[in-house]
Amino acid sequence: MLKDKNIALYVTGGIAVYKVVDLMRGFIKQGANVRVAMTESATQFVSPLTFQILSTHEVHIDTFDERNPEIVAHVNISDWADVSVVAPATANSIAKIAHGIGDNFVTSALLATRTPIFIVPAMNTDMYENPATQANIETLKSRNVQFVEPDIGFLAEGYEGKGRYPENERIIEELNNFILSKTVDLPLRNRKILVSAGGTIERIDPVRYITNDSSGKMGHAVAEAAYKSGADVTLVTASKLPTPSGINTIRVDSANDMYDEINQHFIDMDVLIMAAAVSDYRVANAADSKMKKDDSSEPVTIELTENPDILKTMGSKKKDQFLIGFAAETDNLEEYAKKKLKEKNLNMIVANEVGQSDRGFNADENQVIIFTDDGERIEVPLTTKSEVANILVNKLIEELNK
Ligand code: CTP
């Protein structure tokens, strides 16, 4: 999202200024153009020359230091920017922004801007928790200014508390999501998409379970690709992978739990993509306490009972929803996939071969064939799961626009 974006970076005076040098480099690495303005106090921590050399632009500090007679610098930077980032933001600067005070270059430029504003507060805990600061933050939030939650951790003052400057990686991720949320012309904007992921877990007793080799990587990649195309995504996942940011994520274990969640949300959805490896069976009488070893020589039998077929059930209920299934096969890939497409009343199916270590379950790459209900066949050669997800989402966009 940051590629070719113009970012006005406003640096105010806190100890975290030195970390913002790297934040700016992170923006530039993602393809953004960055221009920097600093408050006088920020220049006490890091020299403006550092920001100038790394951004390859002049750094603004003094509102009255107007070098180019053709422009007014603080208005020019505001007009140029697509987004304004304040990092680190001190309690003092937050107060000024909240109250419309423009008494230096940074606050004047922020008064003059029409761009979305993204603020990274970093300060002492007591300053952060002060009711005045909290009220100023609330005022700005009510005007759609976006705040990054500070970390709790070891502060410059030598004790633990909330107010710490967060990891740059998190800031960049949240800025990407913020820009995404402000971009209206995305192909899946206003589409609600439900995605399932991971291998379900079927309990034998409180400490043992039956599952499969699915990692959830494919489903999570699909959810992220749909989100980046502007969709409102709900992910129902049995995977242990981290929660993707910006995506409403619901954690489940068993096929029955997954069924309940999907069944509850399905009615409001435009699209369902079932990438989960749902266990076909569950343990008939799962024990409530740990099963003890049986000393007799008789074999121990675990009785299984059938789980609901989630996709098939949704296929039988669907009205206008677009349904995509996955078919994990070790043999007769095309034949079985096409059969599932028909039997489960799907619009599209992604057939992937499993049982090979370099693709499919648990691998980072996948090789698939996509079949549509009107007979189209698209071969996707071995590539990363995120690329497979992009291709699938692009195909979905094409089908929805037909
Ligand atoms: N699926 C489902 N509920 C189940 C089993 C599968 O919703 N109880 C979904 C999967 O998420 C996938 C599709 O159905 O999108 C096909 O799953 P797969 O495991 O390949 O096939 P099955 O229908 O289970 O058939 P089989 O195991 O006999 O191949």
Side-chain angles (χ1 to χ4, degrees), residues 193-203 209-223 225-226 233-239 241 250 252-267 269 271-284 304-318 321-356 359-363 366-373 380 385 388-389 392-393 395-396:
I193 300 193
L194 184 59
V195 182
S196 72
T200 57
I201 284 177
E202 307 301 328
R203 284 274 157 209
Y209 56 77
I210 301 171
T211 188
N212 56 62
D213 278 331
S214 167
S215 61
K217 286 176 193 163
M218 193 63 240
H220 279 234
V222 169
V233 180
T234 301
L235 172 66
V236 179
T237 182
S239 159
L241 290 173
I250 301 165
V252 292
D253 283 336
S254 67
N256 263 335
D257 293 348
M258 185 172 276
Y259 176 87
D260 289 344
E261 291 294 344
I262 303 253
N263 193 33
Q264 188 195 327
H265 288 90
F266 183 67
I267 187 144
M269 294 290 154
V271 178
L272 168 65
I273 307 175
M274 279 294 297
V278 185
S279 177
D280 291 327
Y281 298 95
R282 68 177 176 278
V283 177
L304 300 176
T305 184
E306 208 173 333
N307 271 327
D309 188 318
I310 306 172
L311 190 54
K312 196 170 180 181
T313 313
M314 301 309 134
S316 67
K317 283 190 184 190
K318 83 170 177 188
Q321 288 102 332
F322 194 97
L323 256 59
I324 304 180
F326 274 69
E329 312 290 350
T330 52
D331 38 34
N332 296 334
L333 184 73
E334 300 212 19
E335 183 194 329
Y336 288 146
K338 284 183 186 163
K339 196 163 166 250
K340 285 174 191 173
L341 176 78
K342 217 173 167 144
E343 283 178 0
K344 301 197 187 201
N345 195 21
L346 310 179
N347 303 88
M348 222 150 83
I349 195 154
V350 184
N352 69 320
E353 218 169 278
V354 288
Q356 299 184 47
R359 66 197 72 171
F361 278 179
N362 215 356
N366 214 354
Q367 179 179 5
V368 305
I369 308 174
I370 302 171
F371 297 97
T372 66
D373 55 353
V380 182
K385 285 187 172 170
V388 173
L392 176 64
V393 166
K395 184 65 194 158
L396 167 67

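Remember, it's a predicted structure, so these values are computed and weren't measured experimentally. We count ligands from 1, going down the list as the structure has it; atoms in each ligand are counted the same way.
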The reported gap from CG in Asp253 to OH in Tyr209 (rounded to nearest 0.5 angstrom) is 9.0 Å
In this structure, are over 12 heavy atoms from other groups packed under 6.0 Å from Leu304 atom CG?
yes
Pair Asn263, Lys317: side-chain N/O donor-acceptor within cut-off below 3.5 Å:
yes
Heavy-atom contacts under 4.0 Å to ligand 1, chain-then-number order, include exactly Met274, Ala276, Val278, Asp280, Pro308, Asp309, Ile310, Leu311, Gly325, Phe326, Ala327, Ala328, Lys340, Lys344
Taking atom NZ as the centre, does Lys312 end up with more than 12 heavy-atom neighbours from other residues, nucleotides or ligands that are less than 6.0 angstrom away?
no
Would you call Glu329-Lys340 a salt bridge at under 4.0 Å N-O?
yes
Measure the CD-CG distance between Glu353 and Asp331 for me, rounded to the nearest 0.5 Å.
8.5 Å
